[in-house]
K.L.:
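What follows is a single structure, and I will ask about it in a moment.
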Amino acid sequence: MNLPQNVTVKEVGPRDGLQNEQEMISTEDKVEWINQLSETGLSYIEISSFVHPKWIPQLGDALEVAKAIKRKEDITYAALVPNRKGLERALEANVDEVSIFMSASESHNKKNINKSIEETFPVLQEVVEEAKQEHKSVRGYISTVFGCPYEGPVSIDHTLKVCNELFEMGIDELSIGDTIGVANPVQVEEVLTSLDKYFDKDQLALHFHNTHGTALANVLTAMQLGYHTFDSALGGLGGCPYAKGASGNLATDDLLYMLQGMNVNTGIDHERILEAGKYIQQKMNKSLPSHHMQILNKGGAFL
């Protein structure tokens, strides 16, 4: 197989994983979990979201969390920012990276942001410009690239237009999202082959969900095409609040097992990741859906 020697795993559990949970996690427990994640060898942790608490109550303590965590110099601590007001709070929290977001499909963008795609661009442009003035890196998320819960298949032309607009704003990296977990390897190859014609692989990441159990297969396809940056959430936490039935993110622990078995380096300590998984599972008082956490919960061991 044509595989990269190194893969960057970006942990999004504290934000994308927790935002859809009904059980409220205390600020202290979030801080402790992020501190544990910081000891695993991860180079990137998305710690929270500065979206208004009315929309995401679970992350209403973003500022408190960001100020309380123990930061390590070799880790990027990022947070999601919807607009200029959210950016002000993110800057107060001194996050290392600002993440902006929008959708490739009009219907999901309106549900998620309450604006059309065209109305969203100037709002995000303002965020990018001000973040750059404060010497912050900026990451973009584009949702529903592989399918929309309201519109079904999404035109690659729509995706390319949004990607181009975001890069024109000056973002440093763009995460391509399978928000509802409907992608399959053939579709992943088609989409990434189209993106290859216009954008640098080093500026693109993949964000797969595992609704239909295809996330790892999609990662493998992307790696064989030369992609090497993937978002994941420990334990398979997550889901989309605007897509009924969409399950959690690609699980960090399952991803690491596959990569390590194929001798692809991540720099992440698998045992410490599992310990952090057991911690947040206990605090959430529920079993996490990843294969590894299910094995652990049944008293199993790993070869």
Side-chain angles (χ1 to χ4, degrees), residues 10-20 44-56 58-59 62 76-90 95-132 136-150 154 158-181 203-209 229-233 238-243 246 249:
K10 299 200 168 184
E11 175 60 47
V12 299
R15 192 278 300 178
D16 198 16
L18 293 183
Q19 70 176 11
N20 202 40
Y44 187 101
I45 305 172
E46 192 175 53
I47 59 173
S48 196
S49 169
F50 288 92
V51 174
H52 195 287
K54 178 178 71 173
W55 300 112
I56 307 181
Q58 182 65 268
L59 302 181
T76 297
Y77 295 94
L80 204 69
V81 171
N83 50 35
R84 190 170 181 271
K85 189 170 183 179
L87 177 63
E88 290 175 0
R89 296 177 64 228
V95 298
D96 299 314
E97 182 168 273
V98 169
S99 298
I100 59 173
F101 59 98
M102 63 182 300
S103 306
S105 59
E106 194 71 48
S107 300
H108 188 268
N109 204 74
K110 287 180 178 177
K111 284 281 186 179
N112 197 29
I113 302 178
N114 202 31
K115 289 180 174 60
S116 70
I117 288 175
E118 288 300 326
E119 290 170 337
T120 303
F121 288 139
V123 175
L124 299 185
Q125 177 75 67
E126 188 176 38
V127 172
V128 174
E129 289 178 357
E130 294 199 20
K132 289 291 186 176
K136 304 295 183 182
S137 59
V138 181
R139 187 182 213 225
Y141 281 101
I142 176 171
S143 303
T144 65
V145 170
F146 299 92
C148 172
Y150 309 106
V154 176
H158 289 171
T159 296
L160 289 170
K161 181 180 186 299
V162 174
C163 291
N164 188 64
E165 289 280 352
L166 291 173
F167 276 119
E168 285 292 318
M169 290 179 195
I171 66 169
D172 299 286
E173 182 181 68
L174 182 57
S175 180
I176 308 298
D178 180 22
T179 311
I180 56 175
Q203 290 184 291
L204 297 177
L206 281 304
H207 185 111
F208 294 119
H209 283 234
T229 304
F230 299 94
D231 300 346
S232 61
C240 177
Y242 302 101
N249 289 274

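One is the number of the first residue; the rest follow in order along the sequence. Here the structure is a predicted model, which means the values were calculated and not measured.
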K.L.:
To check you understand the geometry: which heavy-atom pair defines the closest contact between Val123 and Lys115, and what is its length?
P.N.:
CG2-CE, 3.9 Å
K.L.:
Give, for atom CG of Leu80 and atom OG of Ser48, the distance between the pair rounded to the nearest 0.5 Å.
P.N.:
9.0 Å
K.L.:
Does a side-chain heavy-atom distance below 4.5 Å link His158 with Ser105?
P.N.:
no
K.L.:
If you take all heavy atoms of Ile176 and Cys163, which pair is closest and at what distance?
P.N.:
CD1-SG, 4.1 Å
K.L.:
Is any side-chain heavy atom of Tyr44 less than 4.5 Å from a side-chain heavy atom of Glu97?
P.N.:
yes
K.L.:
Tell me whether Lys136 is salt-bridged to Asp172, with the criterion being a basic N under 4.0 Å from an acidic carboxylate O.
P.N.:
no
K.L.:
Just jot down the side chain to side chain donor-acceptor pair (under 3.5 Å) partners of Lys161, sequence neighbours excluded, or say none.
P.N.:
Glu118
K.L.:
First locate atom CZ of Arg15, then atom CD1 of Ile45, and finally report the distance between them rounded to the nearest 0.5 Å.
P.N.:
14.0 Å
K.L.:
Working to the nearest 0.5 angstrom, can you tell me the gap between Glu11 CD and Asp16 CG?
P.N.:
10.0 Å
K.L.:
Tell me, with the steps shown, if Leu87 and Val98 meet side-chain contact (heavy atoms from CB on, under 4.5 Å).
P.N.:
CA-CA 8 Å; Leu87 177 63; Val98 169; 3.8 Å; yes
K.L.:
Do the side chains of Ile180 and Thr144 get nearer than 4.5 Å, heavy atoms only?
P.N.:
no
K.L.:
Among all residues two or more places apart in sequence or in another chain, which pass the side chain to side chain donor-acceptor pair (under 3.5 Å) test with Gln58?
P.N.:
none
K.L.:
Could you please spell out the steps behind the side-chain contact (heavy atoms from CB on, under 4.5 Å) verdict for Arg139 and Lys10?
P.N.:
CA-CA 12 Å; Arg139 187 182 213 225; Lys10 299 200 168 184; 3.5 Å; yes
K.L.:
As an exercise, state the distance from CG of Leu59 to CD of Gln19, rounded to the nearest 0.5 Å.
P.N.:
6.5 Å
K.L.:
For the residue pair Phe101 and Val51, establish whether any side-chain heavy-atom pair is separated by less than 4.5 Å.
P.N.:
yes
K.L.:
Checking Asn109 against Thr120: is there a side-chain donor and acceptor pair closer than 3.5 Å?
P.N.:
yes
K.L.:
From Phe50 CZ over to Arg89 CZ, what is the distance, rounded to the nearest 0.5 angstrom?
P.N.:
5.5 Å
K.L.:
Looking at every non-hydrogen atom in both residues, tell me the closest pair between Gln203 and Ile171 and how far apart they are.
P.N.:
NE2-O, 4.5 Å
K.L.:
To the closest 0.5 Å, what do you measure between OG1 (Thr159) and CD1 (Ile142)?
P.N.:
5.0 Å
K.L.:
Sub-3.5 Å donor-acceptor pair from the side chain of Glu106 to the main-chain atoms of Ile117, do we have one?
P.N.:
yes
K.L.:
Here's a test for you: under side chain to side chain donor-acceptor pair (under 3.5 Å), which of Thr179, Asn249, Asp231 qualifies with His209?
P.N.:
Asn249
K.L.:
Is there a donor-acceptor pair under 3.5 Å between the side chain of Ser143 and the backbone N or O of Ser103?
P.N.:
no
K.L.:
Evaluate the ring planes of Tyr141 and His207, with Trp represented by its six-membered ring, and classify them as parallel (under 30°), tilted (30 to 60°) or perpendicular (over 60°).
P.N.:
perpendicular
K.L.:
Do Glu46 and Ser49 make a side-chain contact, defined as non-hydrogen atoms from C-beta onward lying under 4.5 Å apart?
P.N.:
no
K.L.:
Using side-chain contact (heavy atoms from CB on, under 4.5 Å), reason through Ile100 and Leu166 one step at a time and then give a plain yes or no.
P.N.:
CA-CA 9 Å; Ile100 59 173; Leu166 291 173; 3.9 Å; yes
K.L.:
Just do the side-chain contact (heavy atoms from CB on, under 4.5 Å) check on Met169 and Val138 with the steps written out, would you?
P.N.:
CA-CA 10 Å; Met169 290 179 195; Val138 181; over 6 Å; no
K.L.:
Check whether more than 12 heavy atoms from other residues, nucleotides or ligands sit under 6.0 Å from atom CG of Asn164, and answer yes or no.
P.N.:
yes
K.L.:
Between the main-chain N or O of Tyr77 and the side-chain N or O of Asp96, is there a donor-acceptor pair closer than 3.5 Å?
P.N.:
yes
